[in-house]
There are 2 protein chains.
Amino acid sequence: MTAKEVQAIPVPTLRRLPSYLRFLKKVQAQGRDVVSCTHIADALGLDPTQVRKDLAVTGIVGKPRVGYHLPALVEAVETLLGWNNTTDALLVGAGSLGTALMGYEGFREYGLNIVAAFDVDPEKVGAEIHGRPVLHVDQLANLASRLHAHIGIITTPAAEAQRAADLMVAGGVRGIWNFAPADLEVPDEVILESVQLPASLAVLSTRLAAALREDEQGEKSDGSQ
Amino acid sequence: MTAKEVQAIPVPTLRRLPSYLRFLKKVQAQGRDVVSCTHIADALGLDPTQVRKDLAVTGIVGKPRVGYHLPALVEAVETLLGWNNTTDALLVGAGSLGTALMGYEGFREYGLNIVAAFDVDPEKVGAEIHGRPVLHVDQLANLASRLHAHIGIITTPAAEAQRAADLMVAGGVRGIWNFAPADLEVPDEVILESVQLPASLAVLSTRLAAALREDEQGEKSDGSQ
DNA sequence: TAGATTGTTAATCGATTAACAATC
DNA sequence: TAGATTGTTAATCGATTAACAATC
């Protein structure tokens, strides 16, 4: 039933595509018309075979000895990511992070258009942030279904994140981009993608601690100091 | 030479630890003293065996039939992540995202202490953000080495991110937490952890597009409408 | 004691990397 | 043509999941 025949693109590949796209556009801006996997791999510190496999998901074929035609490749990656169509999004949590995201011009490049923000704070409700209205969360479900907004962005404190997600689901939102440090529950038909800052920081702090420990070890066995 | 004998903890495990920690603290706050892997796995939607393996990296052993002693486990996870010591960090790019991060109280829980921000904008330099000074980037390398700040946070526009990273490295920063959508080059001895919003959005938009396509398919084969 | 849960070893799965024929 | 680069198949690697003995 759930037609998976299209066979899903691996998540690691999807996560690398924006990086490729950035680089491809940069090369294109330099006036070049083709690019090879080796060139891309060198620039991004990846394995050339991996780049080739990743790019294969776009359906674009390269020319041996030459490489890939840049305009076609850029277009294909953008299409695959859906970044050449605009998707409307609603944001819950008009705090400093929410405000920062609403002010980020770069999202236009990713086809993301935040049309309104929601909050519970009476001080914020009724105001505008970067030209978009701040409404009360009570209006969220209603407006989401009225606007057919497909994406919801959560920038609330962790404690309010689940409630925000529930309201979004009630409003028919199909994809949630969560920035709150919380493990949310959503129905199967809703896509949840979380930007887990603590997870990222965990990798950094643990590796950093290990590196600093190694420094000390080195100093000791050096006999210096 | 580069003593890897300690055998590094897998990145996926590291990324899950903060999630465990959050849940463990929650259970502890409910007055419980022990917790089983099944309980954790159920709550977080994970495999119990995976939870057991992940927790094994802390060195804490559980009691069959009972589970893990919460205070010991919480303590061990925090120690492993290094979150019970404070690390000083410098932030470059005092824009809205930088400001948001500086105002985020939750970082204290992760042992992260942002002591100063840096920018090139004369309007910002000299001001204070959430009680911390905003200095000119020219002072970055100098201050970093003087304060022995180990972590640098990049919240500049993509075009300035590499320069910020270079200054941090020059100042002796050993770990960089990058929020700019850019592929940075740093020396081997510097840990780079990037929060790639475009990568995260790529996963969300591609999956969402696939789900919406499926909806249409379903409607068509339904014959409804 | 009986049985739930741990810790660990083995099997599976999927992604990365290597090898190599095809081709421009 | 010669040889660089693609596309693809096979080998490797690492993480997840399953199986199961040990234990409280």
Side-chain angles (χ1 to χ4, degrees), chain A residues 4-17 19-20 23-24 27 32-73 76-77 80 196 199 202-203 206-207, chain B residues 4-17 19-20 23-24 27 32-73 76-77 80 196 199 202-203 206-207:
Chain A
K4 273 269 184 56
E5 289 85 22
V6 206
Q7 89 160 335
I9 296 165
V11 169
T13 297
L14 284 178
R15 293 188 59 91
R16 282 188 294 266
L17 287 175
S19 195
Y20 292 146
F23 180 70
L24 296 174
V27 177
R32 304 221 33 178
D33 198 51
V34 291
V35 68
S36 77
C37 284
T38 327
H39 189 185
I40 300 173
D42 280 356
L44 302 179
L46 300 173
D47 184 285
T49 304
Q50 181 165 78
V51 175
R52 227 170 288 139
K53 256 199 176 147
D54 284 344
L55 296 183
V57 304
T58 63
I60 296 293
V61 293
K63 277 205 186 73
R65 238 347 292 253
V66 180
Y68 299 84
H69 184 54
L70 271 167
L73 192 52
V77 174
L80 195 146
Q196 289 293 355
V203 177
T206 315
R207 285 186 170 170
Chain B
K4 276 269 183 55
E5 290 84 23
V6 204
Q7 91 158 337
I9 296 164
V11 169
T13 297
L14 285 179
R15 293 188 57 93
R16 282 187 294 267
L17 286 176
S19 194
Y20 293 144
F23 180 72
L24 296 175
V27 177
R32 305 221 32 179
D33 199 49
V34 291
V35 68
S36 77
C37 284
T38 325
H39 189 184
I40 300 174
D42 279 356
L44 303 180
L46 300 172
D47 184 284
T49 305
Q50 180 165 76
V51 175
R52 228 170 287 137
K53 256 200 177 149
D54 283 343
L55 296 183
V57 304
T58 63
I60 297 294
V61 294
K63 277 207 185 74
R65 231 2 280 258
V66 181
Y68 298 85
H69 184 53
L70 270 167
L73 192 51
V77 174
L80 195 147
Q196 290 293 355
V203 177
T206 314
R207 285 187 170 170

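Naming: A, B, ... by sequence-line order, numbering from 1 per chain.
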Length of the line joining A:R15:CZ and C:dT16:P, which is rounded to integer Å: 12 Å
B:L14 CG to D:dA15 P, straight-line distance once rounded to whole Å: 10 Å
Among D:dT16, D:dA15, D:dT6, the nucleotide that comes nearest once only the side chain of B:P10 is considered: D:dA15
Contact summary for B:V203 and A:R15, nearest pair of heavy atoms: CG2-CG, 3.6 Å
Toward the 5' end of DNA chain C, by each residue's nearest nucleotide, A:V66 or B:V35: B:V35
Nearest-Å distance for atom pair CD1/P, residues A:I40 and D:dG7: 11 Å
Touch class at under 4.0 angstrom, heavy-atom based, for B:T49 against every strand present: base
Rounded interatomic separation in angstrom, taking CG from B:L73 and C1' from C:dT6: 13 Å
Student check: side-chain heavy atoms of A:L46 and A:I40 closer than 4.5 Å: no
Beyond-backbone contact of A:R52 with A:Y68, side-chain heavy atoms, under 4.5 angstrom: yes
Euclidean distance, atom CG of residue B:L46 to atom C1' of D:dA15 [Å, nearest integer]: 13 Å
Under-4.0 Å side-chain N/O to phosphate OP1/OP2 contact, A:R52 with D:dT6: yes
Spacing of B:D54 atom CG relative to C:dT6 atom P, expressed in whole Å: 14 Å
Identified pairing partner of D:dA21, criterion: Watson-Crick or G-U wobble below 3.5 Å: C:dT6
Least distance between heavy atoms, B:L80 atom then B:T58 atom: CD1-CA, 3.9 Å
Residues, nucleotides or ligands: over 12 heavy atoms within 6.0 Å of A:R16 CZ: yes
A:D47 CG - C:dA19 C1' separation (whole Å): 12 Å
Nucleotide nearest A:S36 when distance is taken to its side chain, options D:dG3, D:dT6, C:dT16: D:dT6
Whole angstrom value for the distance that separates P of C:dT16 from CG of A:L55: 13 Å
Assigned partner base of D:dG14, Watson-Crick or wobble definition, under 3.5 Å: C:dC13
Polar pair under 3.5 Å, donor/acceptor by atom type, side chain B:K53, base D:dT17: yes
Residue B:P12, side-chain atoms from C-beta onward, closest of C:dT16, D:dA15, D:dT23: D:dA15
Per A:P64 side chain, nearest of listed nucleotides C:dG7, C:dC24, D:dC24: C:dC24
5'-most by nearest nucleotide on DNA chain C - B:G62 or A:R65: B:G62
